[in-house]
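Below: one structure, written as structure tokens.
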Amino acid sequence: MAKDGLLPAKWHFYRHDAIGVAQNVVITQAVLVSLFALLYALPNVNSVFLMLVNTAVFIYCTVYGIIGLAFIRVHYLLPNQERPFRVGKTGNGGAWAVTGLLMFGILMIALTTLISTDLLSAAFMLLITLLLFATPLIMEHFKRPAWLIDAQADLQNGGN
């Protein structure tokens with residue numbers, strides 16, 4: 001991603017050491033995981049673990065919802081595209097039926113997850129999901145052509 005100019009070049013995420021490890025990426029990941037691990041310092045470890053698991057469920061629900069919407073959108077944007085399999089024999093009815101079932105299941109899982117937690121956990125889940133959903137959209141919005149140019153220039157000048 002960094003080599004393709006999707007991240008700011010000044011972060012140096014495109015640089016790798018002699019064995020191919022992107023050290024800045026590893027350090028960033030370690031810091032973020034450590035921040036999440038600090039949640040285990042809260043008094044009730046069981047509730048923290050349940051909150052993190054429920055957050056993962058909620059994030060997966062969001063991802064599969066986006067996949068379902070993309071499935072329908074592709075059927076309309078590329079109606080004559082050759083596909084390795086087809087849902088239904090003709091038209092988009094089968095695609096709508098499968099996506100409808102998917103969305104119903106996702107909605108039930110998300111609501112059950114939200115209802116089964118306390119208000120603080122639900123707010124945390126929604127906040128983390130929103131943060132993880134919005135971050136790539138924000139990065140895409142602020143993406144600059146200079147990021148790619150700077151990364152490629154640094155790589156050509158000896159940056160790993």
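All residue numbers in this chain count up from 1 along the given sequence. Keep in mind it's a predicted model, so treat the numbers as computed, not measured.
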All heavy atoms of Trp147 vs all of Gly5, minimum pair found to be CE3-O, 3.6 Å
Hits for side chain to side chain contact (heavy atoms under 4.5 Å, CB included) against Ser47, two or more places apart or cross-chain, chain-then-number order -> Asn44
Given 3.5 Å as the limit, does a donor-acceptor pair link the side chain of Asn24 with the main chain of Trp11, or not?
yes
Ionic contact status for Arg15 with Asp154, cut-off 4.0 Å: yes
With sequence neighbours left out, the residues meeting ring pair (Phe, Tyr, Trp, His ring centres under 6.0 Å) with Phe124 are none
With sequence neighbours left out, the residues meeting ring pair (Phe, Tyr, Trp, His ring centres under 6.0 Å) with Phe71 are His75
Looking only at heavy atoms, the pair that brings Arg83 and Val74 closest together is NH2-O, 3.3 Å
The reported gap from CZ in Phe13 to CD1 in Ile27 (rounded to nearest 0.5 angstrom) is 9.5 Å
Where do Asn54 and Phe58 land on the side-chain contact (heavy atoms from CB on, under 4.5 Å) test, with the steps shown first? CA-CA 6 Å; Asn54 285 342; Phe58 208 74; over 6 Å; no
Exercise. Examine Leu7 and Val25 and state if one hydrophobic cluster contains both, with Ile, Leu, Val, Met, Phe, Trp and Tyr joined whenever side-chain heavy atoms are less than 4.5 Å apart.
Key: yes
Check: Same hydrophobic cluster for Ile66 and Val63, using side-chain heavy-atom links shorter than 4.5 Å among ILVMFWY?
Finding: no
Between Ala9 and Ala151 the two heavy atoms that sit nearest each other are CB-N, 3.8 Å
Across all chains, not counting sequence neighbours, the salt bridge (charged side-chain N to carboxylate O under 4.0 Å, His left out) partners of Glu82 are none
Checklist entry - With side chains defined as the heavy atoms from C-beta onward, is the minimum distance between Thr55 and Phe36 less than 4.5 Å? => result no
For this session: Answer whether the closest heavy-atom distance between the side chains of Thr117 and Leu50 falls below 4.5 Å.
Result: no
Exercise. Can you hop from Ile128 to Leu52 via hydrophobic side chains spaced under 4.5 Å?
Worked result: yes
Shared hydrophobic cluster for Leu130 and Met125 (ILVMFWY, side-chain gaps under 4.5 Å) | no
Show me, pair by pair, the donor-acceptor contacts under 3.5 angstrom made by side chains of residues 98-113, not counting sequence neighbours?
residue, atom, partner, partner atom, Å
Thr99, OG1, Ala95, O, 2.8
Thr112, OG1, Met108, O, 2.7
Thr113, OG1, Ile109, O, 2.7

Note: Ala122 and Leu114 closest approach over all heavy atoms is CB-CD2, 3.9 Å
Closest heavy-atom pair, Ser121 versus Asp118, reported as atoms and distance to 0.1 Å, is N-OD1, 2.8 Å
Check your understanding: Tell me, do Arg73 and Leu69 make a side-chain contact under 4.5 Å, heavy atoms counted?
Key -> no
**Message:** Using side-chain heavy atoms (C-beta onward) and a distance below 4.5 Å, is Asp150 in contact with Lys10?
**Reply:** no
Sorted by chain and number, sequence neighbours left out, side chain to side chain contact (heavy atoms under 4.5 Å, CB included) with Thr135 holds for Leu131, Met139
message = Check for me, please, whether Val31 and Leu38 land in the same ILVMFWY cluster - side-chain distances under 4.5 Å, paths through other members count.
response = yes
